Structures are given as C-alpha cells and as structure tokens.
Amino acid sequence: MMKFISRTLISLLCIFAAQSHSLATSLEQSPFYNNGPHYHLDDKLVMGRIEFIYYANVDSLKGVGVPAKIDTGADTTSIHALNISIQSSNPKFADLQGEALLKSIAESFGDPDSEWWLDSFDTPERNINATVKFDLIHPHTGEAITLERPLARLSGIQGRGDHGILYRPVIELALSSGDITVNTAVNLTDRSAFSYPILIGKTFLREQAWVDSSYDYLQQEPEAKIISNKETAYLDDLPLAISVSLANRRTSLNAANIKVDEDKKQVSFEAVGKNNKSKAYTLPLLKMLKIGDKHHPMVNMPISIGQELKHIELLLRDRSKRSTQLRLGTEALNQYFLIDLSAEFLADKALKSAMDFANKPPLMMSPEERITIDDVTFKAEPSFAVNTSLMRVKSLKTLERSEQNKPIAAFSATDIYNKVYVFEQPIDRNIVVGEVTRPVITPKIALAGKNYQTDIALELASKDDPEELLIGESFADGPVWVNTRTNNIFDKRAVIRAGYVEQAKVEDLSISVKLDTGADVSSMHAEQVKRFDKNGKPMVTFTYRNSDGLEQEFTREVVDEMTIKARVGEKANSRPVVMMEVKLGNVTETVRVNLQNRENFSYSMILGKNYLRNGFVVSSDGRFILTKQP
C-alpha cells in the first residue's frame, strides 16, 4: 500500500496551492498527513538521514529524543556509552575484563560474523554469562544514567588502515522512532568524537524502515512549529531576540564571563539577553567546538518560544555586537521549526504546526533551490532581507528602445553550469533601496514543470554581493515557508526504491555498489594513487580494481580534500576528492567521490548522501531492488 506521498506531488501541491492554481489539496494529498503524522512506504516507516531516537524502556529517558544518524551501510546499531565494564562468571573468562575479555571470547568462538553467538548459551561450557555495565548520558541534563544488561554477542568492526578488527560489546535495548519500536541489538562505544550519539544500523532498520537521505528529521516535519526570522524567546525569564541562520548548523547564545572546568566537565557563564539583562548558569559541558582558531563550549538548555519549550544545544559565544542574542542554526530548525519568510513575531501567540495548514499548504522552499527563468536554470535561495525577489547579475543596462511601451532591461547572468546567458526583459517598474534603483521585471518562471510569473528586481553584482537569485517574501501570493530539512524541494523526484546493494555504471565500469545513507560523500577504491600538478591544478592518477577482475586507471582533478573522523583508537586521515559520473537506474549525476583503499571492505564503492539525495529511498533488507544482480 502506497502511503508515502510522491515528493514531486508534494512540491506541486505546495507551490501551486499558494499560486491559486486549480489543484486539489484534500487531506490525503497533503504532504503532512498520511493516515497519521508519520511517513510510510509499503507499510514501512520512512526515516530521514537524521532522526530522534527514543529509549522505550529506560524510565529516566522516556520521551527524550536523542539525535541519531540513520545508516543503511552499518550492520549494527551503535550508541554512545561511557564507563563500559564487562565481566563474565564463566571460569574461562573470570579473570578477564573489558577489551581483553572481548578479544578472548572472539578467539575462543570465532569471528562475530560466524554467528557462534546464536547458540552460545545453550551449553554450560559455551555459556559466556557476561554482563555489561555502562553509562548513558542524558542529552538535556548531562546526567550519567547507569544501566546493566546481559552481553548478547560481540560486534566486529573493520578498522581503517592496519587497525584490524575492533570488538564492541553488544546488548539489546528497545528503541523507538516515529510509530515503531524495535528490540534492537546495539553495540556500545565512546562516540564523543562523532556528531551524533546514536548510529542506527540494520539491526533496527531491517524489515522496519526505508531511509531517505535527502531529509534530516523527516519524522519531525508534520509537527514542526511555524516561526519567523524575528521572534522573542525566553531562557527562564530572560528575554532573547531571535534570528535564524540557513547556513550554520549550530545555535549560538550570547554569553559572557565563560569559564570552562574540564575536570568537572562543567561550564559557568552569564547568558545576556535583551536590554543587557543577564543570568548566571553552571551547566554540564557537552563538548568543546572549534570555530576558526577558538574553542567554544556547548550546553543544552530549555528555550521557550511561543509557549513551546524546546531543549536546544547552544554554542556559547559573545554576540554583544549582534542585534540578536539567540541565533537558531539548522540543527534546531530541523528538529522543531519551519520558517515563514513573510511574517514577524509569530511567537506572540501560540505557535501553529505544519499540520494546521494541511488543507491549504503554502509555498514550501529549501535553503538551496534551482529556478528556471526563460529556459535557463539558476541557483536560488530564500532571503529575509528582501521583499521583492532580487537577482544580482553579471552585467546590467537599460535600453532606450521599448517593448509594450516599457523600457528594456538588458542583462547577463551565470547559470548553474557556470555558463553566461544574455537576456532582454521589459521593465515593469523601478524600486529604490537606499541609493540604489532596481529595475523590476516579470519573467516566465518554471517550477516543477509549471510556468507562472512573478516580480524580480535586478541589481549589478559586486565583490561583496556576488551573482545570486534571492527569493523574497512577495515571491508567492501567499505565505512562503523555508524548510531546512532538505534541499531543492522544487526539483524533488518521485520516490525511487533501492536496495542497500545495486548495480551502477561508474564512468565506463558496471559494478556493484553499496548504498550508504550514513556517508556524506561517495567513496571509491583506489590503488597506486599518485598526485601531481598540471597547469597549476592538483591532479591524481589512481587505479580502480575489484574482486571481479575489473581494472581501470583514472586521472582526475582533485577538487577537495576530505578528512575522515577517526573511531576511538584510530587516527583521522585525509583523502583526495574527485568528480565521477554515476548512473543508477535512470538517474545520472556527476558527484564528488573520495578515494581510499577499500580492499578490506565488502564493496569497492559506496554511494553516499551526495548521490542518494536524488530521489532514492534505501532498504536495509533487500539487494538489487532497482537493478538486476550481475
């Protein structure tokens, strides 16, 4: 049964309902309702790449959402735990603890993948009878919550480079997301070096969920509250002026007299609000985040916005020279909010949710869009600074001749492929902003395959304000919402089902690839990597080889360097990034691919978020759902 609404239909509904087109917007067609507030496809939950996960049977964490990365490339689920201790009452292991115990168990019974653990408790001589004691960290208070669970088995994780197998203790916990709860095998490890304390793998996803890596916090979208770029929030009784950032992930709070106690893992500071009012706090230190050459502490605090109390991770820094004391980043926006581009101070009343507008959806856009003007496609983004949409162009002049009794704006602009096009459009009117006069045109615009017209002001780009198309609040006849959970809403494809392994064409090679929603960037096996410069550009030559005997040498420009975060016990490493053309099903895209030696991995190439965001929902159950197995 198809309960997950086509994303193309979602885009059409949002765009053209706001433009007064005669398109039905019944409850079933709404992007926010599908027999409840959760998205489903083929009776399975559809999860975004990042979601809240809830501990179903841990009383002190009930109802507390913990941010998690949803990773179809991970066999096991992993949670952040500290003070992990393991003991066994089996005489063979009684004198061993921790890593030594895990290693001895592996050496006695074999690699975890051999599934020896399925009958390891059936006979006294094989009864490991081990328990694991560990601490979970409450994401709001920083409190350590001590749990004890039986050791279910081991997890063997392939280390990078020459690190070999890294063993982790595995226990069982009941975890929830959306409307499903799964008794899940999870491995315990210190994930403090990673962005999210939970990694959801196949032990949770199998037979339960699809993953759409083009969205973050997809399950939160229907309940998201509508705010504007200008609000007043409260930290206890301390008023804070709010603004939002569509570019920065972290939320910043204006703070003074910041003192970090690394030993106690605490930070003391004064939160400074409107009218220089302040309040002192001492809170658990979540982590230190490096920005530029400075480190800033992070804490979690409850913030009230329009009668809504939200726990938000806050970066403490001096914002005294800024007009707002609280700047919401995309992580907080993704978790809780949608932004109304054309409103102010919505929090003066009780905030409405997206579901309140299901029968009359507004225009929805994301921080990165593509808009076609007279058959040329340009990058576009929402702007809180303009009313009439603004296009900064490469060249601009007014022609004396006229069309339809109107002067002509002659201008050139650069499209998404870095090609320059020349346009001539009648000037409908002029608007004056400060000392600048902007001609306003009404060109033909294509969105999601439909045409309509709207006002766009023109301005010559400068060094400080480069070429760009800024979407203002008057772009649509009705409200304009900004959804930071995804990009390119206007271009969303219909859903493409795919297995966690598919056959893809990579340049001229047909190879099996692993679809990995946990990876930001796709990755390809590379041997004999040689770097050199050519015409001032960094280049790399490498050889691709797989177990089927396919081999090909490539030479590519290095477009980036990617630093990979290390697991505990490993070192971070840097990889060259190149551009490769990949075709999967009917989707062909040239994407960034990092090069690494993958000979210790099952698949010579993985496709990450930068490719999968093109419409794919990935299953952890099946292989070759979209393509034929070779």
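Quick caveat: nothing in here was measured; it's all calculated off a predicted structure.
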Do R149 and T131 have a side chain donor and acceptor closer than 3.5 Å?
no
Answer yes if the side chains of T517 and S213 hold a donor-acceptor pair under 3.5 Å, and no otherwise.
no
Can you see whether S523 engages Q596 through a side-chain donor-acceptor pair at a distance of less than 3.5 angstrom?
yes
Donor on one side chain, acceptor on other, N487 and S214, under 3.5 Å:
no
How long is the gap from CD1 on I145 to CZ on F134, to the nearest 0.5 Å?
10.5 Å
Under 3.5 Å, is there a donor-acceptor pair between the T484 and N334 side chains?
yes
Is the ring pair F52/Y336 parallel, tilted or perpendicular, if the boundaries are 30 and 60 degrees?
tilted
Matching residue for W481 among F357, F475, F337 - test: ring pair (Phe, Tyr, Trp, His ring centres under 6.0 Å)
F357
Side chain of R485, backbone of G48: donor and acceptor closer than 3.5 Å?
no
side-chain hydrogen bond (donor to acceptor under 3.5 Å, both in side chains) between T282 and Q266, worked out:
CA-CA 7 Å; T282 297; Q266 289 183 337; 5.9 Å; no
Non-hydrogen side-chain atoms of L82 and L136 separated by less than 4.5 Å
no
Just checking, any donor-acceptor pair under 3.5 angstrom between side chains of R168 and T189?
yes
For the CD1 atom of I258 and the CZ atom of F269, what is their distance to the nearest 0.5 Å?
8.0 Å
Got a second to check how far L286's CG is from H140's NE2, nearest 0.5 Å?
10.0 Å
Distance (rounded to the nearest 0.5 Å) between H80 NE2 and I198 CD1
10.5 Å
Taking the side chain as every heavy atom from C-beta outward, state whether I200 and I53 have any atom pair closer than 4.5 Å.
yes
N187 side chain to T76 side chain, donor-acceptor N/O pair below 3.5 angstrom
yes
Is the number of heavy atoms from other residues, nucleotides or ligands under 6.0 Å of K277 NZ greater than 12?
no
Test item: side-chain donor near acceptor, Y281 and E270, under 3.5 Å:
no
Would you call R49 and D520 a salt bridge, taking side-chain N to carboxylate O under 4.0 Å as the test?
yes
Give a yes or no on whether a salt bridge exists between R250 and E313, defined as a side-chain N under 4.0 angstrom from a carboxylate O.
yes
Given I50 and Y196, is the side chain to side chain contact (heavy atoms under 4.5 Å, CB included) satisfied, shown in steps?
CA-CA 9 Å; I50 309 296; Y196 296 98; 3.6 Å; yes
Should T486 and D216 count as side-chain neighbours, where that means a heavy-atom distance under 4.5 Å?
no
Less than 4.5 Å apart, side chain to side chain, heavy atoms only: is that true for M364 and L338?
yes
Ignoring hydrogens and angles, tell me if any N or O in the side chain of E51 forms a donor-acceptor pair with the backbone of S177 under 3.5 Å.
no
With sequence neighbours left out, write down each residue that passes salt bridge (Lys or Arg N to Asp or Glu O under 4.0 Å) with D237, or none if nothing qualifies.
K279
Could you check F204 against M47 for side chain to side chain contact (heavy atoms under 4.5 Å, CB included), going step by step and ending with a plain yes or no?
CA-CA 12 Å; F204 180 96; M47 303 178 73; 4.0 Å; yes
Looking at every heavy atom in both L341 and E473, which two are closest together, and how far apart are they?
O-CB, 3.8 Å
Any donor-acceptor N or O pair under 3.5 Å, side chains T203, T184:
no
Say you draw a straight line from CG of D340 to OG of S342; how long is it, rounded to the nearest 0.5 Å?
4.0 Å
Any side-chain heavy atom of I79 within less than 4.5 Å of one from Y55?
yes
Quick one: does N254's side chain have a donor or acceptor within less than 3.5 Å of a partner on Q325's backbone?
no
A quick test of your reading: do over 12 heavy atoms of other residues, nucleotides or ligands sit less than 6.0 Å from CG of N276?
no
Between the main-chain N or O of I471 and the side-chain N or O of S383, is there a donor-acceptor pair closer than 3.5 Å?
no
Take L240 and T232 through the test side chain to side chain contact (heavy atoms under 4.5 Å, CB included) and record every step on the way to the result.
CA-CA 6 Å; L240 306 168; T232 298; over 6 Å; no
Calculate, to the nearest 0.5 Å, the distance between atoms CZ and OG belonging to F490 and S366 respectively.
7.5 Å
Is E368 atom CD crowded by more than 12 heavy atoms from other residues, nucleotides or ligands, each under 6.0 Å away?
no
For the residue pair L289 and L315, establish whether any side-chain heavy-atom pair is separated by less than 4.5 Å.
yes
Where G73 and D71 come nearest, the two heavy atoms and their spacing
N-OD1, 2.8 Å
Are side-chain N/O atoms of S192 and D190 paired as donor and acceptor at under 3.5 Å?
yes
Enclosure of K352 NZ (heavy-atom neighbours >12, cutoff 6.0 Å):
no
Should S462 and D464 be marked as a side-chain hydrogen bond (donor to acceptor under 3.5 Å, both in side chains) after you check the CA-CA gap, both sets of side-chain angles, and the distance that decides it?
CA-CA 5 Å; S462 66; D464 295 330; 5.4 Å; no
For R327, is there any backbone N or O sitting under 3.5 Å from a side-chain donor or acceptor partner on S252?
no
Donor-acceptor pair, D356 side chain versus S353 backbone, under 3.5 Å?
yes
Working for salt bridge (Lys or Arg N to Asp or Glu O under 4.0 Å), residues E467 and R392:
CA-CA 5 Å; E467 286 185 69; R392 293 196 175 104; over 6 Å; no
Distance-only, no hydrogens or angles: does the S304 side chain make a donor-acceptor pair with backbone N or O of Q307 under 3.5 Å?
no
Check for a donor-acceptor pair, side chain of R438 on one end and backbone N or O of E459 on the other, with a separation under 3.5 Å.
no
Criterion side chain to side chain contact (heavy atoms under 4.5 Å, CB included) against L314, the qualifying member of I303, L235, L283:
I303
Step by step, would you call Y39 with E221 a side-chain hydrogen bond (donor to acceptor under 3.5 Å, both in side chains)?
CA-CA 10 Å; Y39 294 105; E221 185 177 86; 2.9 Å; yes
Side-chain contact, heavy-atom cut-off 4.5 Å: E561 with N594?
no
Quick check against the 3.5 Å criterion: does K133 have a side-chain atom that pairs as donor or acceptor with the backbone of E148?
no
Go through the side-chain N and O atoms of H138 and N300 and say whether any donor and acceptor fall under 3.5 Å apart.
no
Is there a donor-acceptor contact under 3.5 Å from the side chain of D516 to the main chain of G518?
yes
Quick one, S245 and L328 - any side-chain contact, counting heavy atoms below 4.5 Å?
no
